[in-house]
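Values below: every heavy atom of this structure, side chains too, minus hydrogens, waters and symmetry copies.
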Amino acid sequence: AGMTQRNAFRLSVIVCAHNEARYLPACLHSLLAQTRVPDEIVVVNNASTDETRAVAQQIPYVDVVDEPRKGLVVAREAGRRAATGDILVYLDADCRAPLTWLERVEQRFLRTPGLIALSGPYRYYDWDWWGRLLIRAYDFTLAPATQLLVLRIGTIFYGGNFAVRSEALEAIGGFDTSIEFHGEDTNLGRRLFAIGRVEIFHDCYLYTSARRYNAMGKGAVFRLYVRNFTSELLHHRP
């Protein structure tokens with residue numbers, strides 16, 4: 001939407017938002033401030049009852065798509081259908097992108113032969129030091145170990161921070177909209193991994209909110225993720 005420059009790829013950034021009027025502006029402004037400007041920003045307004053749509057419309061270069069059927073995976077699929085880029089980059093509405101995030105994502109696709117999708121970890125801007133320490137420890141110890149263990153059958157994939165070639169996403173039939181929420185990222189990673197190279201890159205990190213951990217408690221969230229991750233890999237359903 002008026003931001004096109006001469007680049008190797010056309011990058012579409014997709015933000016799915018259900019009642020995210022409070023968090024969305026910081027997310028969208030962080031995208032507009034990127035050293036590598038997105039060619040397109042699509043906000044999927046997913047059955048919001050707050051000011052999400054109005055907030056998104058007030059920000060320049062943002063295209064708003066309405067998806068009245070509530071559900072994260074349904075919203076992601078609506079974003080996929082609306083976007084026109086060669087590479088679709090997804091982030092959550094409560095994320096804030098470091099200035100060089102998109103530049104790093106694009107560089108990874110340029111430099112990594114056969115790469116069809118990538119994912120990056122989270123850092124938290126509103127969590128206690130203990131939570132942040134736990135996540136960093138996980139990213140650099142447990143995550144790579146798990147990655148080695150599951151490499152034959154799937155991959156770790158962060159649902160709020162990933163980029164995928166649109167043709168690869170089309171080849172696997174898009175998102176599995178029968179999945180409600182938890183486990184959808186592992187499902188997507190596993191299905192993409194079956195047709196090409198999928199990687200995690202630590203330099204493609206995003207800042208995000210720890211609101212789910214703060215609401216549910218660290219232990220409950222960790223257990224939920226582990227349960228869904230294992231179930232998706234072994235039984236192909238979360």
Side-chain angles (χ1 to χ4, degrees), residues 8-16 38-40 42 44 71-92 95 97 101-102 104-122 139 142-206 208 225-238:
F9 297 112
R10 187 170 157 78
L11 292 187
S12 297
V13 183
I14 299 165
V15 185
C16 299
D39 296 293
E40 177 177 59
V42 176
V44 181
L72 178 64
V73 191
V74 174
R76 289 212 173 123
E77 180 63 15
R80 176 180 87 86
R81 289 171 186 274
T84 60
D86 312 306
I87 292 176
L88 310 185
V89 189
Y90 282 83
L91 77 163
D92 287 344
C95 289
W101 176 63
L102 272 180
R104 290 173 187 190
V105 167
E106 185 173 47
Q107 283 305 314
R108 288 299 187 175
F109 278 99
L110 289 170
R111 287 198 217 127
T112 317
L115 186 71
I116 61 164
L118 66 78
S119 184
Y122 305 120
D139 284 340
L142 261 172
T146 314
Q147 188 72 342
L148 283 172
L149 280 172
V150 303
L151 219 48
R152 301 270 153 158
I153 47 172
T155 182
I156 293 177
F157 212 64
Y158 296 96
N161 177 13
F162 68 92
V164 56
R165 289 180 187 268
S166 55
E167 67 217 28
L169 202 45
E170 197 164 336
I172 63 164
F175 293 90
D176 183 347
T177 53
S178 69
I179 299 173
E180 190 75 10
F181 169 48
H182 289 289
E184 41 73 38
D185 41 10
T186 310
N187 170 280
L188 181 69
R190 175 177 59 76
R191 291 189 299 129
L192 285 167
F193 184 77
I195 66 159
R197 187 170 176 183
V198 180
E199 300 259 4
I200 291 179
F201 294 110
H202 283 284
D203 64 340
C204 297
Y205 67 89
L206 274 180
T208 190
Y225 279 115
V226 169
R227 205 163 62 233
N228 280 297
F229 179 76
T230 317
S231 168
E232 168 53 48
L233 284 180
L234 297 178
H235 310 295
H236 291 188
R237 62 174 184 273

What pairs with Q107 under side chain to side chain contact (heavy atoms under 4.5 Å, CB included), at least two apart in sequence or on another chain?
L110, R111
Within this structure, what is the CG-CD distance for the pair L118 and E199, rounded to the nearest 0.5 Å?
9.0 Å
Tightest non-hydrogen contact, residues C95 and G160, listed as SG-O, 3.8 Å
Among residues at least two apart in sequence or on other chains, which ones pass side-chain hydrogen bond (donor to acceptor under 3.5 Å, both in side chains) with R165?
none
D39 (side chain) donor-acceptor with L11 (main chain) under 3.5 angstrom
yes
Would you indicate whether the side-chain heavy atoms of R80 and S166 approach each other to under 4.5 Å?
no
Checking the side chain of S119 only, and the main-chain atoms of Y158 only, is there a donor and an acceptor separated by less than 3.5 Å?
yes
Taking only residues two or more places apart in sequence or in another chain, which ones pass side chain to side chain contact (heavy atoms under 4.5 Å, CB included) with A78?
V44, E67
Apply side chain to side chain contact (heavy atoms under 4.5 Å, CB included) to R81 and list each qualifying residue two or more places apart in sequence or on a separate chain.
E77
Nearest heavy-atom pair of R191 and I172: which atoms, and what distance?
NH1-O, 3.0 Å
Nearest heavy-atom contact between G120 and N161 is O-ND2, 2.9 Å
Identify, with sequence neighbours excluded, every residue that meets salt bridge (charged side-chain N to carboxylate O under 4.0 Å, His left out) alongside R104.
none
Rounded to the nearest 0.5 Å, what separates atom CG in D176 from atom CG in N187?
5.0 Å
Residue set satisfying ring-ring contact (aromatic ring centres under 6.0 Å, His included) with Y205, at least two apart, ordered chain then number -> Y207
Heavy-atom closest pair (A83 atom, I14 atom, distance to 0.1 Å) is CB-CD1, 3.8 Å
Spacing of CG belonging to D92 relative to CG belonging to L206, to within rounding of 0.5 Å:
9.0 Å
Test of understanding: with side chain to side chain contact (heavy atoms under 4.5 Å, CB included), list the residues that count as partners of A117, not counting sequence neighbours.
F157, V164, L192, V198
Rounded to the nearest 0.5 angstrom, the CZ-CD1 distance for F162 and I200 is 13.0 Å
Using ring-ring contact (aromatic ring centres under 6.0 Å, His included) as the criterion, list what pairs up with F201, not counting sequence neighbours.
none
Minimum heavy-atom separation for A163 and V105, please, with both atom names.
CB-CG1, 3.7 Å
Do the non-hydrogen side-chain atoms of R76 and L188 ever get within less than 4.5 Å of each other?
no
Contacts of T84 that satisfy side-chain hydrogen bond (donor to acceptor under 3.5 Å, both in side chains) - sequence neighbours left out
R10, E40
Which residues pass the salt bridge (charged side-chain N to carboxylate O under 4.0 Å, His left out) test with E106, not counting sequence neighbours?
R36
Return the minimal non-hydrogen interatomic distance between I195 and A168, and the atom names on each side.
CD1-O, 3.8 Å
At what distance, to the nearest 0.5 angstrom, does OG of S12 lie from CD1 of I87?
10.0 Å
What pairs with D86 under side-chain hydrogen bond (donor to acceptor under 3.5 Å, both in side chains), at least two apart in sequence or on another chain?
none
